[in-house]
There are 2 protein chains.
Amino acid sequence: MTVETSADMPVNPLILKLEAFHALSEADKELLTRLSTTSRTVGPREDLIREGDPPERVYLILEGFACRYKILPDGSRHIMAYMVPGDLCDLHVFILKTMDHSIGTLSACEVVDLPRAQVMEMIERPAIARALWWSGLVDGATLREWLVNIGARSAEERVAHLLCELLVRLRLVGLATEDRYELPITQNELGDTMGLSTVHVNRVLQRLRAEGLIIFKSQKLVILKVAELMAFSGFNPNYLHLESRRTLYAARG
Amino acid sequence: MTVETSADMPVNPLILKLEAFHALSEADKELLTRLSTTSRTVGPREDLIREGDPPERVYLILEGFACRYKILPDGSRHIMAYMVPGDLCDLHVFILKTMDHSIGTLSACEVVDLPRAQVMEMIERPAIARALWWSGLVDGATLREWLVNIGARSAEERVAHLLCELLVRLRLVGLATEDRYELPITQNELGDTMGLSTVHVNRVLQRLRAEGLIIFKSQKLVILKVAELMAFSGFNPNYLHLESRRTLYAARG
DNA sequence: CGTAAAATTGATCTGTCTCAACGTGGGTGG
DNA sequence: CCACCCACGTTGAGACAGATCAATTTTACG
């Protein structure tokens, strides 16, 4: 158990994200900062909670990538969502008896465990409650967009779409610049996310590289032509519901 | 605008569904009955709300099948969810400026429009609020299961899985018997749901028929071997979170 | 440096798509 | 009430995206 100080963690990604929806008061920010003070370091490929477990707390990711996933009867894994810094898992999950999926880390993560009482404390603040409510709706919309992505787009478009989405989401928490970010994900994990074989993910990435759209090496992604990649993949950020609050995605066209 | 009487509508599917989670008081049921008194008939293939529109009300389906869908840049449609009697669209959607997808009918429907004030009225009742909260979590879990379905299963398993899910969901509202229900959906719509071409859906259905698993003709589905179809498709109803509340799905094995 | 995980390559196979035609059944107007 | 008609379902042939299997190379790291 690590107790992080403000020196270790200059900016709280949850605050950054929620303020993309609307501004929070100093008191609200202090509460969120206090609740995320006690985090723990979790290694890569570790489960935070497993399918079948009773949901007892909510997880907040401060650093690293985690995911929601299911294991199918044949042993294959499907990843249904990425959780990046600032992301909370479902706040309302306490009402359910058991988890219907697992949550695990992809890279090493800094994770905050929020027991029910602390979630309540957050929700009692109207501005925070509203921002979390927005955040939950965006999570749902993202899931729907993923469904369309897998159901209706080619392998190349699918991967490109994911890279565009992560660019926008990571910019929100200061973890992406205009055109690049750290993506601590293997090609195998990408495959389990997109419903593609690892071999095919590799070929798709090579094609995106050959087309001069991206550079992806040593977990570092550079999108060489952001507008082109968005257009190619049919990426329309409307489902992230950032409205006109900030200029978080590059101009298109 | 039709005003339905209790004679026209013997049982309110929303009440049936919510009571699968936990019992409601008479007063709660009266409120729900009152709020669903004024419904309107909507023809097949009509939109209730379109992508880009501001969400002004919530829809409750009393009869018929509706769906959430998106139209892609190339003109193709992807259906992301089915709404069957008793289903409500997202209660919290008011906070968003615009819809990121459309909602439209598949068959002719009886639909209740609930303006914000009426949603508030429901949510003020603790038992109803809890049941609706559960219902919203189940909707999210269903979306995740659909993602896995499309991402990780073969065409035949996919279609079979959907048929199993609808069996359980429709039983909940008294619209399926042990092994059969009305499915007012074309093969083309099934294809847009499963990410398959219409031609392939046709061949998949033929194979399921040939294997003696189903009969599907004139919008009437009979599942000849329920346990086998569930096993074949990898259907595990845990994501519907019916727990031990009622025996809503057949014993397996 | 050695080792295991991850990325890459090549060859082959197959599920699903596309295109194009034909059958069919239920609703409607004459 | 019949005949037409159109949406829907069905069939066949050929093409292709992506899977699978089996190495091999590269990278990260202890």
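Within every chain, numbering begins at 1; the chains are lettered A, B, ... in the order of the sequence lines, protein sequences first and strands thereafter.
Among the atoms of the strands shown, none is found under 4.0 Å from any heavy atom of A:Leu205. Heavy atoms of B:Gly195 sit under 4.0 angstrom from primed sugar atoms or phosphate atoms, though from no base atom. Counting non-hydrogen atoms under 4.0 angstrom, A:Arg209 reaches the backbone sugars and phosphates but no base.
For A:Arg209, the CZ atom sits in a packed shell: over 12 heavy atoms of surrounding residues, nucleotides or ligands are nearer than 6.0 Å.
When the side-chain nitrogen and oxygen atoms of B:Asn202 are compared with OP1 and OP2 of D:dG9, none of them lie within a distance under 4.0 Å. Between C:dA6 and A:Arg45, a contact under 4.0 Å exists linking OP1 or OP2 to a side-chain N or O. At C:dA7, none of the side-chain N or O atoms of A:Gln206 fall inside 4.0 Å of OP1 or OP2 (strictly under the cut-off).
When each of A:Ile79, A:Leu205, A:Asn202, A:Leu163 is paired with A:Leu190, the side chain to side chain contact (heavy atoms under 4.5 Å, CB included) condition holds for A:Leu205 and for no other. When each of B:Ile61, B:Leu60, B:Thr38 is paired with B:Val112, the side chain to side chain contact (heavy atoms under 4.5 Å, CB included) condition holds for B:Leu60 and for no other.
The existence of a salt bridge linking A:Glu110 and A:Arg40 is excluded, since no basic side-chain nitrogen approaches an acidic carboxylate oxygen closer than 4.0 Å. Of the charged side-chain nitrogens involved, at least one lies within less than 4.0 Å of a carboxylate oxygen, so that B:Glu145 and B:Arg153 count as a salt-bridged pair.
Summarising the geometry, atom CG belonging to A:Leu14 is positioned 9.0 Å from atom CG belonging to A:Leu16; distances are rounded to the nearest 0.5 Å.
By the 30° and 60° cut-offs, the orientation of the rings of B:His161 relative to B:Tyr239 is parallel.
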Between protein and nucleotides 20-30 of chain D, map the contacts as a letter string: B base, S sugar-phosphate only, - none, heavy atoms under 4.0 Å, written 5' to 3'. BB-----SS--
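Heavy-atom distances under 4.0 Å link DNA chain D to no residue of residues 145-153 of chain B.
Here D:dG18 presents its P atom at 7 Å from CG of A:Leu196, a figure rounded to the nearest Å. Rounded to whole angstrom, the span from the CG atom of A:Leu106 across to the C1' atom of C:dA5 amounts to 16 Å.
Place B:Thr186 and A:Arg158 on DNA chain D by their nearest nucleotides, and B:Thr186 ends up nearer the 5' end.
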